[in-house]
Amino acid sequence: MHWADVAAQSLSHKGKKHVVSTGITPSGEFHIGHLREILTGDMISRAAQNAGLDVDFVFIIDSADPLRKVYDFLGPEYEQFVGNQLGAIPAPKKDGSPDWGRFENENWTYANHFLEPFLTALSEIGVNPRLIDNLESYRSGCFAELSKIACDRADEIRECIERISSRELPDDWFPWSPLNSKKGLDKVKVTGYEYPLVHWKDEYGETGSSDITKGEGKLPWRIDWPAKWGWIGVTCEAFGKDHGAAGGSYSTGREIAQLLGHEPPQPLVYEWISLKGQGAMSSSTGNTIGPIEALELVPPEILRLLIAKSKPNKAIEFDTGMGLVTLADEYERLAARDFENELASEELSRRQRVQVEDAAGAMRMTSTVSGQEALATAVTFRHLALLAQTKKNDEDVWSSLNSSGAVESVTPQLQDRLNRMRHWIGSEHFPEEMRINILEQPSVQMLQRFDADEKKILANMTAALEACEWDAASIGASIPQAARDLDLSPRSAFKVAYASLMGTEKGPRLAPILAEMEKLEIIALLHACIRCIPD
RNA sequence: GGGCCUGUAGCUCAGUCAGGUAGAGCGUCGGACUUUUAAUCCGAUGGUCGCGGGUUCGAACCCCGUCAGGCCCGCCA
């Protein structure tokens with residue numbers, strides 16, 4: 001069974017109505033690591049729906065969290081906002097300075113700024129959660145009741161956190177962080193509590209009172225989280241391994257939830273996504289690939305497959321080079337399979353059956369529209385990469401696919417894929433290995449290996465190409481003919497051609513590539529090859 | 001110091017919860033096809049299940065220990 005179906009099955013034992021929750025702090029640019037959070041939730045929801053459950057899938061935007069520090073992409077003006085809530089400060093402009101204009105006129109906040117492109121990407125990926133703005137929720141009183149319980153039972157909560165996380169809380173710790181005189185959450189001492197007011201004194205010597213029912217502050221993270229479960233009614237949540245460790249925030253959260261009067265949700269801990277060869281993704285080091293950037297390279301189904309095919313507890317290495325080709329081609333292969341038919345076979349061993357089921361389950365999760373079949377385009381990424389590089393305009397790509405019988409008509413899906421492919425080829429991520437490279441100088445190393453027959457073929461081929469019309473068909477005919485004239489296999493002619501023109505053992509279809517090149521340059525290269533072959 | 005996760009074929013991983021003949025995909029190799037060769041089809045190859053003990057008729061799976069990598073116990077998806 002696919003991991004999402006396993007989670008759904010376990011939920012089904014607990015009831016029919018469920019709220020699957022996800023949450024992210026919009027502190028900087030979103031990256032594909034965040035995509036795992038939201039897609040894991042999305043896939044559990046989808047599986048639960050398939051299992052006949054009534055599911056509400058929510059995405060909590062942690063806009064009540066404070067700005068931790070002035071990140072590299074922020075200007076020095078942000079110093080004044082450190083400790084202030086992300087949903088209550090202006091967004092950075094391109095140069096890193098605060099955009100006061102939009103903040104004052106449209107209430108365009110820091111949180112909005114980073115959230116918006118992510119939401120655009122999500123809708124393209126087919127994820128449509130109900131959005132809950134955390135700061136808004138505090139302000140409108142959603143947390144009021146649970147905040148009261150937390151403050152009333154401050155000692156029990158303190159005991160719980162100290163015991164489970166084995167860390168000592170300061171004497172003046174209180175389960176409510178009030179906003180100070182500058183609307184910041186840092187370095188505020190709680191001096192008293194009389195519901196609904198929490199009295200405080202800040203680092204500037206100012207004093208005041210924070211109404212816990214009106215969002216004049218927030219619950220600290222370890223309480224904020226279980227409180228959310230409570231008022232939203234969360235029954236299932238996937239979260240990163242950082243929260244999942246023993247003594248981590250889920251450990252304390254599940255007990256605090258009970259203190260607050262409700263059951264904790266069913267947890268699912270997932271591993272992180274790293275960028276191949278560069279370690280974990282991190283907004284602050286700039287070591288990121290955004291969901292938008294990823295979508296420029298591959299279609300949403302393939303991004304979904306990346307998450308769907310790995311069990312949550314497996315770390316994923318995202319590779320924007322060859323790994324992407326492999327992933328995309330894997331998608332095509334899977335999409336072309338007939339799982340039902342395979343499963344109908346009696347000969348499958350138990351293990352084989354499980355593997356087929358998992359693959360089928362993963363594919364169910366890849367469609368951007370729940371319930372829709374995954375579509376195979378019948379064109380592999382490899383092949384498309386080749387065509388995109390050799391054919392300058394799209395029409396030529398389609399006619400090539402048409403004549404080879406691979407594709408009957410151009411679907412929007414195919415056009416879309418070609419657009420992304422062209423983008424990828426133009427980007428730094430496109431693997432050199434896939435790039436078509438016609439040599440400028442002969443590869444002496446390759447040519448030295450030629451035997452007598454191959455030398456003859458080279459001479460023959462050079463003459464044939466020199467004489468032929470410079471179009472794909474004629475070139476394609478001339479190359480194997482150069483070997484046939486000598487009673488040698490066409491295969492050897494291509495071997496000679498690849499060695500001479502590309503310096504490789506084998507390669508992509510040569511004729512269309514050569515047709516796109518200047519005839520004179522190719523002929524010159526071949527002559528140069530002949531000259532540098534030792535006798 | 002305490003805890004969590006991971007370790008299975010060259011690579012990516014299933015299989016561990018409910019012990020019963022080591023499984024996929026990719027790669028590699030071979031063959032077929034030949035106006036193609038990063039294509040397609042067919043076939044083959046491949047593992048002391050990190051290591052050492054224990055329990056058992058039987059262990060990749062359960063128990064104990066150990067090694068290696070990653071992570072958590074401030075903040076982070």
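A note on names: the letters A, B, ... follow the listed sequences, proteins ahead of strands, and every chain is numbered from 1. Because the structure is predicted, anything quoted here is derived from the model rather than measured. Hydrogens, waters and symmetry mates are skipped; everything else that's a heavy atom, side chains included, is used.
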Mind running side chain to side chain contact (heavy atoms under 4.5 Å, CB included) on A:Ser310 and A:Glu271 for me, showing each step along the way?
-> CA-CA 10 Å; A:Ser310 298; A:Glu271 254 285 353; over 6 Å; no
For A:Asn313, all residues meeting side-chain hydrogen bond (donor to acceptor under 3.5 Å, both in side chains), sequence neighbours excluded | none
With sequence neighbours excluded, what pairs up with A:Asp5 under the side-chain hydrogen bond (donor to acceptor under 3.5 Å, both in side chains) test?
-> A:Arg364
Once you round it to whole Å, what is the distance between [atom2] of [N] and [atom1] of [X]?
X: A:Glu271; N: B:U6; atom1: CD; atom2: C1'; value: 8 Å
X: A:Leu86; N: B:C76; atom1: CG; atom2: P; value: 12 Å
X: A:Glu357; N: B:A24; atom1: CD; atom2: C1'; value: 14 Å
X: A:Glu330; N: B:G27; atom1: CD; atom2: C1'; value: 13 Å
X: A:Arg36; N: B:C76; atom1: CZ; atom2: C1'; value: 16 Å
X: A:Asp242; N: B:C71; atom1: CG; atom2: P; value: 12 Å
X: A:Glu29; N: B:C76; atom1: CD; atom2: C1'; value: 16 Å

Within the structure, does a side-chain N or O atom of A:Arg68 lie under 4.0 Å from either OP1 or OP2 of B:C76?
-> no
Under 3.5 Å for both distances, Watson-Crick or G-U wobble, that's the pair rule; now give the dot-bracket for RNA chain B, with | marking pairs to another strand and [ ] for crossing ones.
-> ((((((((.[[[[.)....(..]]]].(((((.......))))).....[[[[[..)....]]]]])))))))....
Tell me the salt bridge (charged side-chain N to carboxylate O under 4.0 Å, His left out) pairs involving residues 245-257 of chain A, sequence neighbours left out?
-> A:Arg163-A:Glu255
How does protein reach along nucleotides 8-16 of chain B, written 5' to 3' as B (base within reach of a heavy atom under 4.0 Å), S (only sugar-phosphate), or - (no contact)?
-> -----SBS-
Checking all strands, does A:Gly476 fall into the base, sugar-phosphate, or nothing category for heavy-atom contacts under 4.0 angstrom?
-> base
With heavy atoms under 4.0 Å as the rule, sort A:Ser478 into base, sugar-phosphate or nothing.
-> nothing
Identify, with sequence neighbours excluded, every residue that meets side-chain contact (heavy atoms from CB on, under 4.5 Å) alongside A:Lys218.
-> A:Ala64, A:Asp65, A:Gln85, A:Tyr138, A:Leu185, A:Asp224
Would you please name every residue forming a side-chain contact (heavy atoms from CB on, under 4.5 Å) with A:Val269, sequence neighbours left out?
-> A:Phe239, A:Lys241
Once ring-ring contact (aromatic ring centres under 6.0 Å, His included) is applied, do any residues pair with [X], and if so which ones, sequence neighbours excluded?
X: A:Trp3; answer: none
X: A:Phe114; answer: A:Phe73, A:Tyr110
X: A:His113; answer: none
X: A:Phe430; answer: A:Trp424

Nearest listed nucleotide, side chain of A:Trp221, among B:C26, B:U36, B:C75 | B:C75
When the nearest nucleotide of RNA chain B is assigned to A:Gly240 and to A:Ala493 on a heavy-atom basis, which residue is associated with the more 5' position?
-> A:Ala493
Between B:A60 and B:G20 - P atom distance, rounded Å | 10 Å
So which protein nitrogen or oxygen atoms get under 3.5 Å of nucleotides 29-33 of chain B's nitrogens or oxygens?
from  : atom 1 : to       : atom 2 : distance (Å)
B:C33 : N4     : A:Arg491 : NH2    : 2.6

Scan A:Ile24, A:Thr25, A:Leu135 and name whichever one has a side-chain contact (heavy atoms from CB on, under 4.5 Å) with A:Asp62.
-> A:Thr25
Donor-acceptor contact below 3.5 Å, side chain A:Glu124 vs main chain A:Pro300 | no
